[in-house]
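Just so we're clear, the structure is a prediction, and the values are computed from it rather than from any experiment. Residue numbers begin at 1 in each chain, while the letters A, B, ... track the order of the sequences.
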2 protein chains.
Amino acid sequence: MSGQALSALADPTRRELLERLARGEASATVLARDLPISRQAVVQHLGVLDAAGLVRSSRHGREVRWSPRPDGLIAAAAWLTGLAEEWDRRLAAIKAIAEG
Amino acid sequence: MSGQALSALADPTRRELLERLARGEASATVLARDLPISRQAVVQHLGVLDAAGLVRSSRHGREVRWSPRPDGLIAAAAWLTGLAEEWDRRLAAIKAIAEG
DNA sequence: ATGTGGTGCAACCTCAGGCTTGCACATCAA
DNA sequence: TTGATGTGCAAGCCTGAGGTTGCACCACAT
């Protein structure tokens with residue numbers, strides 16, 4: 001579940017792009033200006049984020065603007081918290097047995 | 001932040017290991033029995049998870065048992081939800097302007 | 001003492017991911 | 001129409017992650 005989102009979030013450049021998009025939509029060319037990589041690299045990263053359902057694109061004339069999409073992120077976070085809670089329950093049970 | 005945890009969680013095998021450990025601690029040899037990979041591969045995955053603060057190991061005689069550690073997972077989930085909330089606020093603001 | 005099962009270390013291989021470069025196509029302004 | 005700017009496509013490079021194999025080292029039981 002939501003594995004695509006997690007592997008998309010694994011890359012630091014992609015996380016930087018997401019935080020940048022959280023402050024307003026932007027095109028790949030503009031995004032590349034603030035990064036030490038080429039525009040094409042940014043485009044590929046955006047493609048990965050798009051496939052993971054974390055961003056969406058909209059054409060405006062000759063430029064393509066990208067904006068964040070919270071759904072996938074929320075799903076990934078839910079998966080993590082779910083697993084964390086399971087661990088907590090499990091560890092609490094072990095502790096209780098040890099102290100019993 | 002918590003990038004190590006996210007990249008550790010990116011691999012499906014590692015996520016499977018975590019879910020397996022959530023049902024009780026186990027050794028690398030035992031874990032490898034349920035997986036289509038060698039014990040050494042499992043050991044390396046556990047090393048990554050350990051470096052990310054997601055598991056811990058304890059020696060019992062000649063075997064090493066691994067157990068989950070929720071802290072890193074909670075931190076990663078918090079990072080995700082924080083970013084998701086920021087996106088929600090931003091998108092809500094844009095929508096409000098558009099409707100205004 | 002000896003065999004057996006679990007672990008640690010290291011070298012090696014393979015392939016996908018991240019990035020670049022080059023060029024063609026589309027859009028807007030003069 | 002011409003030039004400038006933004007995008008799309010494709011081929012290619014290169015490092016690192018995931019995996020394997022082989023062997024040496026401990027701990028336990030007989």
Side-chain angles (χ1 to χ4, degrees), chain A residues 1-21 23-69 72 76, chain B residues 2-21 23-69 72-73 76:
Chain A
M1 283 310 170
S2 75
Q4 236 178 346
L6 284 174
S7 74
L9 292 166
D11 187 84
T13 301
R14 241 132 45 197
R15 291 198 298 273
E16 194 170 346
L17 283 175
L18 288 179
E19 292 181 346
R20 169 65 179 79
L21 289 180
R23 303 195 305 273
E25 63 179 15
S27 69
T29 304
V30 170
L31 290 170
R33 291 206 182 104
D34 301 337
L35 293 173
I37 59 178
S38 72
R39 171 186 63 94
Q40 281 304 319
V42 172
V43 170
Q44 290 176 16
H45 279 305
L46 290 172
V48 173
L49 291 171
D50 189 26
L54 295 174
V55 297
R56 60 187 302 212
S57 64
S58 61
R59 269 205 165 273
H60 293 270
R62 70 181 156 186
E63 75 178 355
V64 178
R65 293 181 201 157
W66 297 84
S67 52
R69 197 161 57 173
Chain B
S2 80
Q4 233 177 348
L6 285 174
S7 74
L9 291 166
D11 187 84
T13 302
R14 240 131 46 196
R15 290 198 299 271
E16 195 170 347
L17 284 174
L18 288 179
E19 291 181 348
R20 169 64 180 78
L21 289 180
R23 303 195 306 273
E25 62 179 16
S27 69
T29 304
V30 171
L31 290 170
R33 290 204 183 107
D34 301 337
L35 293 173
I37 59 178
S38 71
R39 171 185 63 94
Q40 281 305 319
V42 173
V43 169
Q44 290 175 18
H45 279 305
L46 289 172
V48 173
L49 291 171
D50 188 26
L54 295 174
V55 297
R56 58 185 304 207
S57 64
S58 62
R59 268 207 166 272
H60 293 268
R62 69 181 159 186
E63 75 178 354
V64 177
R65 292 181 202 157
W66 296 84
S67 53
R69 198 160 58 174
L73 206 59

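The separation between B:Leu46 atom CG and C:dG6 atom C1' is 14 Å, rounded to whole Å. Atom CD of A:Glu16 is separated from atom C1' of C:dG18 by 15 Å (rounded to the nearest Å). Following rounding to the nearest Å, B:Gln4 (CD) and D:dA17 (P) show an atom-to-atom distance of 11 Å.
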Pull out every protein N or O sitting under 3.5 Å from an N or O of nucleotides 9-12 of chain C, one pair per line with the distance.
unit_1	atom_1	unit_2	atom_2	d
C:dC9	N4	B:Gln40	OE1	3.1
C:dC9	N4	B:Gln40	NE2	2.8

What's touching nucleotides 27-30 of chain D from the protein side, N or O pairs under 3.5 Å?
unit_1	atom_1	unit_2	atom_2	d
D:dA27	N3	B:Arg62	NH1	3.0

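The OG atom of B:Ser7 sits 11.0 Å away from atom CG of A:Leu9, with the distance rounded to the nearest 0.5 Å. Once rounded to the nearest 0.5 Å, the distance linking CG of A:Asp11 with CD of A:Glu16 reads 10.0 Å.
Taking each heavy atom of A:Ala8 and A:Leu54 in turn, the nearest pair found is CB-CD1, 4.1 Å. What you find for B:Trp66 and B:Val55 is that their closest heavy atoms are CE3-CG2, 3.9 Å. When all heavy atoms of B:Arg20 and B:Ala26 are compared, the closest pair comes out as NH2-CB, 4.0 Å. Taking both residues in full, the closest heavy atoms of A:Ser57 and A:Val64 are given as CB-CG1, 3.7 Å, listed atom of the first, atom of the second, then distance. When every heavy atom of A:Leu21 is checked against every heavy atom of A:Pro68, the shortest pair comes out as O-CD, 3.6 Å.
Looking at which nucleotide of DNA chain C each of B:Val64 and A:Asp11 is closest to, the 5′-most match is held by B:Val64. Between B:Trp66 and A:Ala41, it is B:Trp66 whose nearest contact on DNA chain C lies nearer the 5' terminus.
Counting any heavy atom pair closer than 4.0 Å across all strands shown, B:Arg65 reaches no nucleic acid atom.
Residue B:His45 places at least one side-chain N or O closer than 4.0 Å to OP1 or OP2 of D:dG19.
Here salt bridge (charged side-chain N to carboxylate O under 4.0 Å, His left out) pairs that include residues 56-67 of chain B, with residues two or more places apart or in two chains, are B:Glu25-B:Arg65, B:Glu63-B:Arg65.
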With a 3.5 Å cut-off and sequence neighbours excluded, list the donor-acceptor pairs that the side chains of residues 30-52 of chain B form with protein atoms.
unit_1	atom_1	unit_2	atom_2	d
B:Ser38	OG	B:Ala41	N	3.3
B:His45	ND1	B:Arg14	NH1	3.3

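Looking at residues 27-38 of chain A, you'll see A:Ser27, A:Thr29, A:Arg33 sit with a heavy atom under 4.0 Å from some atom of DNA chain D.
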